[in-house]
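Remember, it's 1-based here, ligands and their atoms both numbered in the order they're listed. Quick note: residue numbers are just sequence positions, from 1.
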Amino acid sequence: MASALHNLSGYDPAKVPDGSGWTIGVVVSEWNDEVTGALLAGVCDTLQKHGVEKGSIIVKTVPGSFELVYASAAMIEDTCVDAVIALGCVIRGDTPHFDYICQGVTQGLTELNARADVPVIYGLLTCDNMQQAQDRCGGACGNKGVECAVAALKMIAFRKEL
Ligand code: DLZ
């Protein structure tokens with residue numbers, strides 16, 4: 001079950017394409033920034049481990065997760081990135097707001113992913129509480145940023161191989 005405290009970020013480094021010469025855009029939500037900052041660190045560490053130069057990682061922040069869709073689209077339109085990684089963390093509150101944000105961002109990134117020329121990687125944590133988020137940004141369940149970086153490199157390779 002996904003909620004079990006298993007590290008979900010393990011991967012085989014030999015199966016990750018070399019990212020030398022590739023440029024990656026990362027859009028990061030400021031909401032819950034202790035979590036999104038840790039996700040970003042996971043992304044940057046992993047990309048550099050697989051050959052992406054530090055200067056080839058373009059990081060832009062946005063106020064909240066809802067802005068990730070616009071920011072991802074703008075990043076694709078205005079830069080020459082090979083992939084965009086969207087990082088956010090939404091924590092459930094007392095109202096249905098959580099559901100609207102999660103649905104909006106998920107739907108928006110899904111639609112963008114289907115029509116954009118470059119892959120968009122989904123790095124949105126949707127958590128019932130802060131503990132779940134901390135478990136997934138470098139805690140017991142790993143770091144979703146690592147998964148996103150690996151997914152970005154694999155999707156860039158996929159695109160370039162076509
Ligand atoms: C307003 C809001 C709330 C209540 N919670 C979160 C959250 O848990 N995580 C997050 O990334 N953003 C949150 N936001 C801000 C919205 O994403 C958005 O920035 C505002 O509604 C302005 O469009």
Side-chain angles (χ1 to χ4, degrees), residues 1-11 23-49 52 54 56-79 81-156:
M1 185 174 150
S3 61
L5 292 180
H6 291 147
N7 187 326
L8 305 170
S9 303
Y11 67 95
T23 303
I24 318 287
V26 190
V27 289
V28 190
S29 165
E30 292 171 353
W31 261 79
N32 302 312
D33 60 353
E34 70 278 21
V35 174
T36 60
L39 296 175
L40 177 61
V43 165
C44 292
D45 289 350
T46 307
L47 290 177
Q48 289 176 76
K49 184 176 164 189
V52 180
K54 190 175 180 183
S56 297
I57 305 171
I58 303 172
V59 179
K60 295 290 179 190
T61 58
V62 294
S65 292
F66 193 72
E67 284 69 47
L68 290 172
V69 179
Y70 177 88
S72 298
M75 183 80 88
I76 290 169
E77 193 167 326
D78 296 343
T79 72
V81 292
D82 294 296
V84 174
I85 299 172
L87 300 176
C89 171
V90 193
I91 308 281
R92 189 183 292 279
D94 295 332
T95 72
H97 193 267
F98 170 90
D99 301 291
Y100 289 115
I101 298 270
C102 294
Q103 282 175 17
V105 177
T106 302
Q107 184 70 24
L109 292 179
T110 301
E111 287 173 10
L112 182 60
N113 209 9
R115 69 177 159 80
D117 283 340
V118 305
V120 179
I121 307 300
Y122 182 84
L124 182 69
L125 292 180
T126 58
C127 300
D128 288 331
N129 52 56
M130 182 55 79
Q131 184 61 56
Q132 287 185 347
Q134 288 170 345
D135 287 340
R136 288 158 178 78
C137 68
C141 297
N143 187 327
K144 189 156 190 68
V146 173
E147 297 169 50
C148 289
V150 170
L153 293 171
K154 288 185 174 180
M155 289 308 294
I156 293 169

Point to revise | Side chain proximity check, Ile91 to Trp31, heavy atoms < 4.5 angstrom | key: no

Practice item. Would you indicate whether the side-chain heavy atoms of Val43 and Val59 approach each other to under 4.5 Å? Key: no

Study note, to complete from the structure: residues 112-126 vs side chain to side chain donor-acceptor pair (under 3.5 Å), sequence neighbours excluded, gives Thr106-Tyr122

Practice item. Applying side chain to side chain contact (heavy atoms under 4.5 Å, CB included), name anything that partners Glu111, two or more places apart in sequence or on another chain. Key: Gln107

Point to revise | Heavy-atom check, side chain of Met155 versus side chain of Asp82, under 4.5 Å | key: no

Point to revise | Sequence-distant partners of Thr79, side chain to side chain contact (heavy atoms under 4.5 Å, CB included), two or more places apart | key: Met75, Val81

**Study point:** Per-ligand residue contacts, ligand 1, heavy-atom threshold under 4.0 Å
**Key:** Ser29, Trp31, Asn32, Gly64, Ser65, Phe66, Glu67, Cys89, Val90, Ile91, His97, Ile101

